[in-house]
Amino acid sequence: MSRYWSDIVQHLTPYVPGEQPTLARPVKLNTNENPYPPSPRVVEAIRRELGDHGDTLRRYPDPTARKLRETVAAHHGISADQVFVGNGSDEVLAHVFQALLKHDKPILFPDITYGFYPTYARLYDIAYQTVPLDEWFAIRIDDYLVPNGGVLLANPNAPTGRALPLEEIERLVARSPESVVVVDEAYVDFGGQSTVSLIAKYPNLLVVQTVSKARSLAGMRVGLAFGDATLIDALNRVKDSFNSYPLDRLAQAAARAAYEDDAWFRASCAKVIASRERLSAGLGELGFVVVPSAANFIFASHPARDAGQLAARLREKEIFVRHFKLPRIDSYLRITIGTDAECDALLGALRAYVG
Ligand SMILES: *Cc1c(COP(=O)(O)O)cnc(C)c1O
């Protein structure tokens, strides 16, 4: 604390991202990164964008990322004015809070979900109410059919990995014409059902996605939002009052190339999904209770072992998983799906502790 700090800063509780160890080859299963590289076309596109001697870098990038939005729009069968892009979906979400979720009534999101939501609500001074998940960590849509200033759901949810069927989300959107429903689909490509197909039908639906997880580009910082052009306009107004050039040239070129190589993307998702089923079975054999996951991570608890201690012992072996010291979930570990070799290293280490 310092007398020079603004009142806002004095009262912030910043989000704490997972550790990025500096070890040469950690088994890094703590931040839901993809274990496989992006399409080779991504690297080619970055080289092409750089040009000789990086001459293109003298110039500002396209502030509207038009080519990227057109590529993504074509991929989803929507129009470019229904697409917003930002510097990672975290930034997109920040703009969503300011542009679309600040109203008189409190916004609603689950008690167990992505930790950035309460952080942004506090940053922008937006009242919120958390809605408890049921005892199996499922979202109950009926709980959200009450007056509110907006609803924010991650589907699949984080850190549980549980997914809601499309019809359930549609029921919420159809019955909430007074408020914006935001669906954060960071993990949708690993087994969820996307609501992007519904944006033309519902002017109050905003879908947020990212290239960080399924498209292996966490390092490029590109996030997206899809919705009615009026919602997208609101996001652009905030963006153009904050940073006109959130996506650099290389990020725009890389993300475009990633969307153009659909075969690579699908193969990589399929590998992660296969490894998830394998790891879930392996953890089950070790006595873990495994929440059914539609994401690239698993949420698991051992009835006889303290999760925090397990995480600490794994860390000694340079195996990183995530443990949240929070009510209801402090007996769980969130484990990112790695390569099969990484999952085997994890299972081997755990066997020694719980076997
Ligand atoms: C990872 C994640 C994000 C942020 O992704 P970036 O695009 O890398 O900023 C957003 N929402 C959820 C639920 C996530 O897990």
Side-chain angles (χ1 to χ4, degrees), residues 14-20 28-35 38 42 65 68 72 83-97 101 109-121 123 130 133 137 139 151-164 169 181-192 194-196 206-226 235 239 242-243 246-248 251-252 254-255 258-259 265 269 272 276 291 293-299 321-322 324 326 329 332 334-337:
Y15 176 77
V16 183
E19 187 178 357
Q20 295 291 351
K28 198 173 168 310
L29 308 177
N30 66 336
T31 54
N32 297 344
E33 291 146 328
N34 200 305
V42 166
L68 170 59
V72 177
V83 181
F84 177 80
V85 293
N87 192 253
S89 58
D90 286 338
E91 184 186 86
V92 173
L93 285 165
H95 293 343
V96 169
F97 271 79
L101 296 177
F109 50 79
D111 62 338
I112 299 165
T113 191
Y114 188 37
F116 240 125
Y117 303 160
T119 298
Y120 283 139
L123 174 64
T130 58
L133 300 179
F137 296 143
I139 291 169
V151 176
L152 175 54
L153 301 177
N155 190 44
N157 197 11
T160 64
R162 289 210 60 167
L164 277 174
I169 306 256
V181 175
V182 180
V183 186
D184 181 348
E185 297 188 347
Y187 301 105
V188 75
D189 301 304
F190 301 106
S194 177
T195 40
V196 172
L206 190 85
V207 183
V208 178
Q209 293 191 358
T210 177
V211 299
S212 294
K213 316 282 165 54
R215 286 186 173 78
S216 307
L217 287 179
M220 295 307 299
R221 312 308 303 129
V222 179
L224 311 103
F226 309 110
L235 296 175
K239 172 222 160 217
F242 179 78
N243 178 3
L247 292 196
D248 65 57
Q252 293 186 31
Y259 274 92
F265 154 73
C269 291
V272 170
R276 177 182 73 210
V291 178
S293 170
N296 69 338
F297 58 85
I298 285 174
F299 206 46
V321 300
R322 194 96 199 252
F324 297 97
L326 293 172
I329 57 169
Y332 283 79
R334 192 199 66 189
I335 304 164
T336 305
I337 309 303

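Atoms within a ligand are numbered from 1 in the order they appear, just like the ligands themselves.
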(message) Does the Lys NZ or Arg CZ of Arg162 fall within the cation-pi geometry relative to Phe137 - under 6.0 Å from the ring centre and within 45° of the axis?
(response) no
(request) Pick out which of Asn34, Asn32, Asn296, Thr31 makes a side chain to side chain donor-acceptor pair (under 3.5 Å) with Thr336. (result) Asn32
(message) Against ligand 1, does Asn32 come closer than 4.0 Å with any heavy atom?
(response) no
(request) Can you see which heavy atom on Asn30 is nearest to which on Arg334, and at what distance? (result) O-NH2, 2.7 Å
(request) Would you mind finding which of Tyr114, Tyr117, Tyr187 brings a heavy atom closest to atom 15 (O) of ligand 1? (result) Tyr187
(request) Give the atoms of ligand 1, by number and element, whose distance to some non-hydrogen atom of Asp90 is under 4.0 Å. (result) 3 (C), 4 (C), 9 (O), 10 (C)
(request) Could you tell me whether ligand 1 has any atom less than 4.0 Å away from a heavy atom of Phe116? (result) no
(request) Could you establish whether Gly88 and ligand 1 come within less than 4.0 Å of each other, counting only heavy atoms on the residue side? (result) yes
(request) Report yes or no: does Thr119 contribute a side-chain atom to a donor-acceptor pair with the main-chain N or O of Gly115 at less than 3.5 Å? (result) yes
(request) Quick one: look at Glu91 and ligand 1, take heavy-atom pairs under 4.0 Å, and tell me if it's side chain, backbone, both or neither. (result) neither
(request) Run the numbers for me: atoms of ligand 1, each under 4.0 Å from some heavy atom of Ser212, listed by number. (result) 6 (P), 7 (O), 8 (O)
(message) Could you tell me if Ser89 and Gln209 have a donor-acceptor pair between their side chains, going purely by distance under 3.5 Å?
(response) no
(request) Write out the residue and atom name of the closest protein heavy atom to atom 9 (O) of ligand 1, then the distance separating them to 0.1 Å. (result) Arg221 NH2, 2.8 Å
(request) Give me the ring orientation class for Tyr117 and Phe97: parallel if the planes are under 30° apart, tilted from 30 to 60°, perpendicular past 60°. (result) tilted
(request) Answer yes or no on whether Arg215 is positioned over the face of Tyr259, meaning its NZ or CZ is under 6.0 Å from the six-membered ring centre and within 45° of the axis. (result) yes
(message) I need the contact type for Ser89 against ligand 1. Using non-hydrogen atoms and a strict under-4.0 Å cut-off, is it side chain, backbone, both or neither?
(response) both
(request) Assign the ring pair Tyr120 / Phe116 to parallel, tilted or perpendicular, where the plane angle (0 to 90°) is split at 30° and 60°. (result) parallel
(message) Among all protein heavy atoms in this structure, tell me which lies nearest to atom 14 (C) of ligand 1, with the distance rounded to 0.1 Å.
(response) Lys213 NZ, 3.1 Å
(message) Suppose we measure from atom 13 (C) of ligand 1 to each protein heavy atom; which comes out shortest, and what is that distance?
(response) Asp184 OD2, 3.3 Å
